[in-house]
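Chain letters run A, B, ... following the sequence lines, proteins first, then strands; residues in each count from 1.
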Amino acid sequence: MTKSALPVTVMTLLLLAAWYVGAAWLNWPQAAETLARAGKPTAFADVLAQAYAMKRPILPTPGQVVVELWNSLTGYAPTSPRNLLFHTWVTTEAALTGLAMGLVLGILLAAGIVYTRTLEASLLPWVIASQTIPILAIAPMIVVILGNIGLTGLLPKAVICMYLCFFPITVGMVKGLRSADPLWLDLMRTYSAGGMRAFWSLRLPASMPFLFASLKVSVAISVVGAIVGELPTGGQAGLGARLLSGSYYGQTVQIWAALIMASLLSVALIAVVRGLELVLLGRAGAR
Amino acid sequence: MRLLVSDLTHRYDDLTVLDGIDLTLAEGEILAVIGPSGCGKSTLLGIAGGIVAPTSGSIRVEGEVPDGCLNPITFIFQDFALLPWRTVEDNIALVLEHHKLSAAERRERVDSGLRRMGLSEFRNALPKQLSGGMRQRVGIARALAVRPAMLLLDEPLSALDAQTRELLMDDFLELWRREKTTALYVTHNLDEALRLADRVCVLSRRPGRIRELVTIEVPRERRQEPSAQAHLAEVRGRLWHLMKAEAQMADREIARA
Ligand SMILES: Nc1ncnc2c1ncn2[C@@H]1O[C@H](COP(=O)(O)OP(=O)(O)O)[C@@H](O)[C@H]1O
Ligand SMILES: [Mg+2]
């Protein structure tokens, strides 16, 4: 922990410095022009200060983003659309619903593939093919099709998340369910335990480390899926909607605040998965 | 329970591994099966346990099943077959989970298995925290929890060092002193056969045929006594001679192939 603290701090400081340099460089022409048009002095320090204080910068500074985040999070009630927490929750809800659906679908597919040879041959190519279609192409279609049959709001977004999530889960679970030692399967047979028992007592627990490895990937892409799903809906709520409206009105600070929130959300969700893994698999998990 | 094997032959594709085996296992008898590796000993156990269907011949199991027996024919494995994520007691409980038992009876069976194998204080340990000997004791406790009528043991002590093997042989002696569970005990270790078995069946190299069936005339409990040593030495000599001959011929065949 302490060993990695120094490199991490140095790296963070370097990145922040680079960010500030980048912001100055990108915003410079605009800042200089603004000052000139207002007839104000355009010395180096003046332009720099202006570059860091633009209302619609090309690249906002980390400070501006933090202030925006702070104002949004503390200035309004958490249920208000002006608070980013409200949007974060909307996105989280879709991401988690989609993750749950992807989990069920992934496990069902994996069990099917593991238990029936014909499914492996017939299903696996489709599962892989599904992932070669860019989600940006398929997301609007999902929204339109589901909207046509009266499904709007959370569900289309969750379906998009599911579409992204189920793949790593299927792949991980196929491997995990197959990781059960043949000797254990013999054991179950010689004690005349049925196939269902072998699934629940043997294959499923043996697959848990694989499942959690997949879940950590899936939970992060589920957040991406939810955000992508919020774009074609026109975006009333959610981090995706904030990104969309931000870019619509050139509110770069708002965009960056939403981006930071989205990555914080992913990090938090991965931490939750990691915590669950520790609690559920505990000391046996490291086997 | 009795086991009656007659004219049993088994082939994996065109590899004949067992050829014309005739064998009777009396109620409460312990029969050791020895033979060179690859001669079909494990296959014979698999057939006896009903997990391998023989190519031809018949295998019958007869006799009373004791009260509370959940799994008449029960295996004990060379590699223990413990689930690494389950504690000792949960590994034992595993084989009870698909039976309708009251919680109290389940606990009683697990506890008595733990007690009999001296595992009570390790009940919450994971297999990886145990020595090989202790792991096999868990395997035995698990087998005892279903109150078997017949045990099929496939080289149960082969993965253990010599000293641990001695200790576990004592455990087996104690087990068979308390209850007369019929057993088919596969080994390639003469000591185990001479300590534990009533009779010893020597299989030939593959395809396994019965070379000889030797009865050990001294009861198990008295084999440590001086008066038994002459007979045991004679039996050991005969078995050793047979095994050596088979092993040598098997070697030569492998060299030629
Ligand atoms: N499932 C199987 N399929 C094909 N060959 C097998 C199978 N199981 C065992 N064999 C072969 O049959 C022979 C006897 O095996 P086995 O019964 O395990 O012998 P042993 O236990 O005496 O060493 C070996 O040559 C082994 O390679
Ligand atoms: Mg074997």
From CG (B:L83) to CG (A:L202), nearest 0.5 Å = 5.5 Å
When rounded to the nearest 0.5 angstrom, what distance separates CG in B:L82 from CG in A:D181?
-> 11.0 Å
For B:L94, is it the side chain, the backbone, both, or neither that has a heavy atom closer than 4.5 Å to a heavy atom of chain A?
-> side chain
Please report the shortest heavy-atom distance between B:A81 and A:L187, naming the atom on each side.
-> O-CD2, 3.5 Å
Return yes when atom NZ of A:K216 has more than 12 non-hydrogen atoms of other residues, nucleotides or ligands closer than 6.0 Å, and no otherwise.
-> yes
Of all pairs that satisfy ring-ring contact (aromatic ring centres under 6.0 Å, His included), the ones with a partner from residues 48-80 of chain B, not counting sequence neighbours = B:F75-B:F77
Here the gap from A:S201 atom OG to B:H98 atom NE2, rounded to the nearest 0.5 Å, amounts to 9.5 Å
Which value, rounded to the nearest 0.5 Å, describes the distance between B:W85 atom CH2 and A:L280 atom CG?
-> 14.5 Å
side-chain hydrogen bond (donor to acceptor under 3.5 Å, both in side chains) contacts touching residues 103-114 of chain A (sequence neighbours left out) | none
With sequence neighbours left out, write down each residue that passes salt bridge (charged side-chain N to carboxylate O under 4.0 Å, His left out) with B:D111, or none if nothing qualifies.
-> B:R123
Residues in residues 188-196 of chain A near chain B [non-hydrogen atoms, under 4.5 Å] | A:M188, A:R189, A:T190, A:Y191, A:S192, A:A193
Atom CD of B:E64 with >12 non-hydrogen neighbours under 6.0 angstrom | no
